[in-house]
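Single-structure report; data block below.
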Amino acid sequence: MIWKRKIYLSLTGLFMLMASYGQQNNWTLEECINYAWQNNLTVRSSELNKLNSEIALKESKFALLPSLSGGGNLSKSFGRTIDPVTNGFISTSFVSSGVSASSSVTLFNGGALRNTIKRNELNLDASEFDLQKAKNDIGVTVATNFLNVLLGREQLKNAKFQLESSQAQLERTKKLVNAGSLPMTNQLDLESQVATNEVSVVNAENNLRAATLSLKQAMQMPADEPLEVEAPEVSVDNMGFISQSPNEIYNIAMGVQPEIQSAELGVKSSEVGVDLAKSAFLPSLSLSGSISTNHSGRARQLIGTQQVTVPAQNIGFVDGTNQSVFSNPSQQTVPVYSESYGVLNQYDDNLGQSVSIRLNVPIFSRYSNSANLQRAKIAKQRAEITSMNTRNQLRQSIESAYNSALAALNTYNATLKRVAALEESFRSTEQRYNVGDVNNLDYQIASNNLFSARADLIRNKYEYIFRTKILDFYLGNPITLQ
């Protein structure tokens, strides 16, 4: 029983350890972005595109090397056929085999191989920037939803504070009503106000859940998994405003944003594509060689000659007498073959080699080469248009983000002053309400105005933070709230 208890305690400790590792503390923005990068399908697709570009580059480099291929055959023939060794007709079954190898290398093809390597190198670099662009897009999306969660959390806190304030005021009013100092209508009005604040809390909770769900979806996280984000202390006063002008931000972004560099590489790749199309008009030169041998089960090896006496033979008759005429005996030299001829010996004796050089001069391609060259030039123009369009989009995005950040800062400062004024007004109204100098309607108006202004201040705060972080992102800095 002791060993069973030890096993039980060991397994329990292991499960507790695994559970502790499985629990995730509050997620920072960086952790959310890293999780999204690992699970986002667009990022994974971009990684596969980069892998394809690496394979294409390796393939084009290996195209400079000679090719090598080999083969063999083994067959059995029946009936009348041709002996592959003697090329004579035979009418018996036999086994034959053969092996061969060939190789070829391109000596010159108008620079097509080198240009293909250069273009694939550019495409690989472009695919790396495309991958960075995909990660940046996911990072911005996650950061937006992350800030929406923080916004929803603060709005919920503000709504709960308003509810608690209304509930506390309701309790004081009930005591004053019971004492006869205030009419019953004040209590009823405050009960209505508490109910309204409760609805505001429910709406804020719903907005927070919706923002959390949007963040999970941006991270490719299942909705049923728990997610608690870490709220760093972000102060508008400590952030300040971007010191660079929109044009200065744009000039910096031109050198750090991956979509710009990818577009520029696309133009260079299309230029190489034009050179590649021109190479089809030039001659090409290639060298090739082959080696082969075979064997036949009917083959016999010549081992020498021997003298054979040919006896006299009847070659005809004498006219009239029908007397037989015979030839004279003779000596003839005939070849002597071995009883068997080994396969390896046949392979060695039947070995054949060939070397050839081939020159191909394009004379008339039925407009194919000219059409390919024109398509390459059009592709270059398209790449240039894409690059210009990417630059224009970047400039417009920076200008819009700068104006939005400036407007958000001004709105935040104005709302901050409004909240300060409404807080002072509400304190004065609340004091006067407690002594009966202000009616319930004026008190509710002052409370609702303060609650609305605080909600606007929270919203404007995160709007400014987001716009500032976007400008910071265009400057090449990572997306972070630290």
Side-chain angles (χ1 to χ4, degrees), residues 26 144-178 181-218 223-231 234 236 408 411-412 414-434 436-466:
N26 291 348
T144 303
N145 289 281
F146 189 93
L147 289 174
N148 287 336
V149 172
L150 298 183
L151 171 61
R153 184 181 293 180
E154 289 205 22
Q155 287 181 333
L156 176 60
K157 185 187 302 182
N158 185 39
K160 288 182 177 180
F161 174 80
Q162 183 71 12
L163 175 60
E164 292 172 357
S165 178
S166 298
Q167 290 173 339
Q169 187 63 38
L170 176 60
E171 292 300 324
R172 289 194 295 268
T173 301
K174 285 181 179 181
K175 294 178 181 180
L176 294 175
V177 169
N178 293 333
S181 301
L182 292 176
M184 187 65 183
T185 55
N186 286 16
Q187 178 179 339
L188 296 177
D189 290 340
L190 278 175
E191 289 177 350
S192 176
Q193 180 67 31
V194 168
T196 301
N197 295 147
E198 289 176 347
V199 173
S200 299
V201 171
V202 172
N203 291 334
E205 290 174 345
N206 293 336
N207 293 336
L208 178 57
R209 279 194 295 268
T212 303
L213 178 60
S214 297
L215 176 58
K216 290 181 179 180
Q217 291 175 345
D224 56 350
E225 289 191 13
L227 176 63
E228 292 292 335
V229 301
E230 180 178 337
V234 182
V236 174
T411 304
Y412 173 80
T415 308
L416 189 63
K417 295 179 181 178
R418 180 168 178 262
V419 168
L422 289 175
E423 285 178 345
E424 185 63 28
S425 175
F426 176 74
R427 281 194 295 268
S428 175
T429 302
E430 186 177 30
Q431 291 175 358
R432 296 172 62 191
Y433 175 80
N434 291 333
D437 290 342
V438 174
N439 59 34
N440 187 65
L441 179 60
D442 292 337
Y443 174 80
Q444 291 184 8
I445 292 175
S447 175
N448 291 336
N449 288 340
L450 178 59
F451 172 75
S452 177
R454 284 175 174 172
D456 290 341
L457 181 63
I458 295 172
R459 187 180 302 106
N460 295 332
K461 169 187 175 182
Y462 281 98
E463 175 70 15
Y464 172 71
I465 292 174
F466 173 72

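Every value quoted in this text rests on a predicted model; they were computed, and no experiment measured them. Reckoned from all heavy atoms, side chains included, excluding hydrogens, waters and symmetry mates.
Listed by chain and number, the residues in a side-chain contact (heavy atoms from CB on, under 4.5 Å) with Arg172 are Ala168, Gln169, Glu430, Asn434 (sequence neighbours excluded). For Asp456, the side-chain contact (heavy atoms from CB on, under 4.5 Å) criterion is met by Thr415, Arg418, Ser452, Arg459, Asn460, not counting sequence neighbours. Scanning for side-chain contact (heavy atoms from CB on, under 4.5 Å) contacts around Leu213 gives Gln217, Ala223, with sequence neighbours left out. Residues satisfying the ring-ring contact (aromatic ring centres under 6.0 Å, His included) test with Phe426, not counting sequence neighbours, are Tyr443. Legend: residues meeting side-chain contact (heavy atoms from CB on, under 4.5 Å) with Asn207, ordered by chain and number and at least two apart, are absent. With sequence neighbours left out, Asn448 forms a side chain to side chain donor-acceptor pair (under 3.5 Å) with Gln193. Taking Arg427 as the reference, Glu424 meet the salt bridge (charged side-chain N to carboxylate O under 4.0 Å, His left out) condition, with sequence neighbours excluded. Not counting sequence neighbours, Ser165 has no partner by the side chain to side chain donor-acceptor pair (under 3.5 Å) test. Residues passing the side chain to side chain donor-acceptor pair (under 3.5 Å) test with Gln444: none are found, sequence neighbours excluded. For Glu423, the salt bridge (charged side-chain N to carboxylate O under 4.0 Å, His left out) partners are Arg454, not counting sequence neighbours.
What you find for Ala159 and Val201 is that their closest heavy atoms are O-CG2, 3.5 Å. Between Glu230 and Phe146, the shortest heavy-atom distance links the atoms O-CZ, 3.4 Å. In terms of heavy atoms, Leu422 sits closest to Ala453 at CD1-CB, 3.4 Å.
At distances below 3.5 Å, not a single donor-acceptor pair connects side-chain atoms of Lys216 with backbone N or O atoms of Ala211. A donor-acceptor contact shorter than 3.5 Å links the side chain of Ser200 to the backbone of Thr196.
In this structure, Thr173 OG1 and Leu190 CG are separated by 4.5 Å, a value rounded to the nearest 0.5 Å. Rounded to the nearest 0.5 Å, atoms CG (Leu215) and CG (Leu147) are 10.0 Å apart. Between Thr411 atom OG1 and Leu416 atom CG the span is 12.0 Å, to the nearest 0.5 Å. In this structure, CG on Leu457 lies 13.0 Å from NZ on Lys417, to the nearest 0.5 angstrom. Here CG of Asn197 is found 11.5 Å from CZ of Phe161. Values are rounded to the nearest 0.5 Å.
Residues Gln162 and Ser447 have side chains that bring a donor and an acceptor to within less than 3.5 angstrom of each other.
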Enumerate, atom names and distances included, each donor-acceptor pair closer than 3.5 Å involving a side-chain atom of residues 150-158, sequence neighbours excluded.
| unit_1 | atom_1 | unit_2 | atom_2 | d |
| --- | --- | --- | --- | --- |
| Arg153 | NH1 | Val229 | O | 3.2 |
| Arg153 | NH2 | Val229 | O | 3.0 |
| Glu154 | OE2 | Tyr462 | OH | 2.7 |

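The salt bridge (Lys or Arg N to Asp or Glu O under 4.0 Å) analysis of residues 185-210, with sequence neighbours excluded, yields no pairs.
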